[in-house]
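Remarks on the structure that follows.
In what follows, every chain begins at residue 1, and chains take the letters A, B, ... in the order their sequences are listed.
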Amino acid sequence: RLRKWQTRARVQTSYERNFIQAAQELERLKSSMGVPRPCVEQALEIYRQALEKELVRGRSVEAMAAAALYMACRMMRMPRPLDELVRYTKASRREVARCYRLLLRELNVKVPISDPVLYISRIAEQLKLSGEVVKAAIDILQRAKKAGITAGKDPAGLAAAAVYIASLMHGDNRTQKDFAVAAGVTEVTVRNRYKELAKALNIKVPVK
Amino acid sequence: MSTTGPTYRIENIVATVNLQVELDLEMLAERLAMAEYNPDQFPGLILRLTKPRISALIFRTGKMVATGAKNEEDLKNAVRALVKLLKDHGADVPFDPEVQVQNIVASGNLHAEVDLEQAVLMLENAMYEPEQFPGLIYRMTNPRVVILIFGSGKIVCTGAKSERDVATAVQKLYNQLKELGVLYVEEGAEEEESEEELEEL
DNA sequence: AAGTTACTTTCAAAAGC
DNA sequence: GCTTTAAAAAGTAACTT
């Protein structure tokens, strides 16, 4: 056994072993969550940098890999909510969030500010909405941002409400709950954002 | 009429007290009805005072942590009350133990809305993740405090060891944000905000 | 849909796991 | 790192009524 250990130690450092574990975990997340390959590749690069800066010490490979993937998806402009990502890992939300903050601080990476517009496509896909509706929703969000009513709000909730309003204006008859589920927020949140957006942007919704 | 600069109010003071003597927490827990003591869960005995509403964590080593005070006066009164309480229940503790303020939490108001997206791009050591928390988290270097900044202009300052640090930090934050041009006052509300917070200093 | 309660974030100290 | 205390901010969530 000693010889086997020596052989392994010679060809595979702890760094490499850890990296391989992370790569396997990211591969698993990719297939279970349906994350695009570019995001996984970006996550691998982030994880590699984290390993080089020894940020993985004392932390679980799963938590750091999940945090790297979360960051990678945002960098690739294909954000996945942290709460959704956490459902596929055995690491706790708290641990993943802590790793993410560590990566933000220690790596010289720029993660774009979370933009509610990026949450529209996923909602639209799930509800099979038209390009017209998507365009209208994007316009609503841009106006909302100019009106200064988006500060501190969950981008997913803002996106859900914008798409809901855009759908109503295009004669769609799906409920607030459909949009809430698609966005991963509650109906209460969609309703609150909807009221604020309609009021601030003077949006009149056709009474069906 | 002047809703000029920023205002703040101390919400909580955390302090440590060193009684310099070993304490029998088991005995104290038996004699003090209001005491909460679950050594399996936490090594400290928990006492909640009601006069000034302050909570104390008392440890075997004679060290304690007092939280909940809104001013130094309440803190001093609480320490006196705690000392008397412990003495009355068999613990031989000194009358005026050493008290050290460890952290001060204050809420505040910049009286102007803040463009958090712009602010996070221009401030060093700032983080803004609306997906997880509505406030921008700003780590100020000097004074060394952490400030949570909300879009409404309301803030929370924590980590300060003195009220002076809070005052300095809040004013400095206001100046920095103003300089960065990320503060906005509602067009028709330059001089309002109805609330009664005249007692903020 | 309104209300209530409760959790997210930040901080520091204590003793011990 | 965790456990426990307290407190505020604004948003979101989960129950009740």
Side-chain angles (χ1 to χ4, degrees), chain A residues 57-60 63 81-83 92-95 97-98 101 150-158 160 176 180 183-193 195-196, chain B residues 8-19 22-23 25 36-49 52-70 74-75 78 99-110 114 116 126-140 144-161 165-166:
Chain A
R57 274 187 182 175
R59 266 167 269 265
S60 74
L82 186 60
D83 290 298
S92 67
R93 201 211 94 109
R94 194 178 194 179
E95 200 179 351
R98 184 170 296 141
R101 280 172 221 133
T150 61
K153 269 89 172 188
D154 181 350
L158 284 167
Q176 292 180 350
V185 297
T186 63
E187 307 97 287
V188 178
T189 295
V190 174
R191 197 173 303 125
N192 290 336
R193 292 305 138 257
K195 288 176 185 168
E196 294 168 1
Chain B
Y8 70 86
R9 172 193 287 147
I10 292 180
E11 303 285 356
N12 182 28
I13 297 177
V14 180
T16 48
V17 180
N18 194 344
L19 299 171
E22 287 258 335
L23 299 173
L25 300 185
E36 195 181 309
Y37 183 48
N38 303 301
D40 295 329
Q41 184 180 124
F42 189 68
L45 181 151
I46 305 168
L47 269 187
R48 292 166 208 277
L49 302 185
R53 219 189 105 188
I54 283 160
S55 292
L57 303 180
I58 305 175
F59 299 88
R60 192 206 71 235
T61 56
K63 291 188 174 182
M64 359 185 254
V65 175
T67 62
K70 297 230 186 268
D74 280 354
L75 177 58
V99 178
Q100 274 190 300
V101 172
Q102 301 289 352
N103 180 30
I104 294 178
V105 181
S107 59
N109 195 341
L110 300 173
V114 185
L116 302 180
M127 179 166 50
Y128 173 51
E129 298 281 328
E131 245 185 90
Q132 291 161 53
F133 188 70
L136 181 158
I137 301 165
Y138 178 47
R139 287 160 202 284
M140 187 176 279
R144 193 160 214 80
V145 299
V146 174
I147 304 177
L148 306 183
I149 308 167
F150 299 86
S152 63
K154 295 283 187 65
I155 63 176
V156 171
C157 176
T158 185
K161 287 264 196 298
D165 281 351
V166 174

Give me the distance, rounded to whole Å, that separates D/dA9 from C/dA1 when you measure between the C1' atoms they each carry. 25 Å
Is there a side-chain contact between B/Arg9 and the phosphate of D/dA8, meaning an N or O under 4.0 Å from OP1 or OP2? no
With B/Arg139, which residues qualify under side chain to side chain contact (heavy atoms under 4.5 Å, CB included), at least two apart? B/Asn125, B/Ile137, B/Val146
When you compare the side chain of B/Ile155 with that of B/Tyr138, does any pair of heavy atoms fall below 4.5 Å? no
Atom-pair distance (CD1 on B/Ile58; P on C/dG16), nearest Å: 16 Å
Heavy-atom side-chain contact between B/Lys154 and B/Ser107 under 4.5 Å: no
Could you go through nucleotides 14-17 of chain D and list every protein N or O atom that sits under 3.5 Å from one of its N or O atoms, giving the distance for each pair?
none

For atom CG of B/Leu45 and atom P of C/dA15, their distance in whole Å: 14 Å
Does A/Arg57 have any side chain to side chain contact (heavy atoms under 4.5 Å, CB included) partners at least two apart in sequence or in another chain, and if so, which? A/Glu54
C/dA2 to D/dA8 separation - C1' atoms, rounded to the nearest Å: 24 Å
Between CZ of A/Arg191 and C1' of D/dA13 the distance, given in whole Å, is 13 Å
Could you tell me whether B/Gly44 contacts a base, only the sugar-phosphate backbone, or nothing, with contacts defined as non-hydrogen atoms closer than 4.0 Å? nothing
If I take atom CD in residue B/Glu22 and atom C1' in nucleotide C/dA14, what distance separates them, rounded to the nearest angstrom? 14 Å
Does anything in residues 58-67 of chain B pair up under side chain to side chain donor-acceptor pair (under 3.5 Å), and if so which pairs, sequence neighbours excluded? none
B/S/- along nucleotides 3-13 of chain C (protein heavy atoms under 4.0 Å) is -----BBBBBB
Indicate whether OP1 or OP2 belonging to D/dT5 is found under 4.0 Å from a side-chain N or O atom of B/Arg48. yes
Contacts of B/Gly135 and B/Pro43 projected onto DNA chain D by closest heavy atom; the upstream (5') one is B/Pro43
In Å and rounded to the nearest 0.5 Å, what is the CG to CG distance from B/Leu45 to B/Asn38? 9.5 Å
For B/Leu47 and C/dA14, what is the distance between atoms CG and C1' respectively, to the nearest whole Å? 14 Å
To the nearest angstrom, the CZ-P distance between B/Arg60 and C/dA15 comes to 7 Å
Of the nucleotides C/dA15, D/dG1, D/dA7, which has the atom closest to the A/Arg98 side chain? D/dG1
Whichever of B/Pro130 and B/Ser55 has its nearest DNA chain D nucleotide further upstream toward 5': B/Ser55
Given the P atoms of C/dT9 and D/dG1, what is the spacing between them in whole Å? 13 Å
Interatomic distance where CG belongs to B/Leu75 and P belongs to D/dA6 [whole Å]: 15 Å
Side chains of B/Phe150 and B/Phe133: does their closest heavy-atom pair fall under 4.5 Å? yes
Could you give the distance separating D/dA7 and C/dG3 at their P atoms, to the nearest angstrom? 24 Å
Taking every non-hydrogen atom, the tightest pair across A/Ala156 and A/Val185: CB-CG1, 4.0 Å
Tell me: CG of B/Leu23 to C1' of C/dA14, nearest whole Å? 12 Å
Check ion pair B/Arg48-B/Glu36 (N to O, under 4.0 angstrom): yes
Taking side chain to side chain contact (heavy atoms under 4.5 Å, CB included) as the definition, give me every residue that meets it alongside B/Asn103, ordered by chain and number, with sequence neighbours left out. B/Val14, B/Val105, B/Thr158
According to a strict under-4.0 Å criterion, is B/Ser107 in side-chain N/O contact with OP1 or OP2 of D/dA9? no
Where the side chain of B/Gln41 is defined as all heavy atoms beyond and including C-beta, which of C/dA15, D/dA8, D/dT4 is the nearest nucleotide? D/dT4
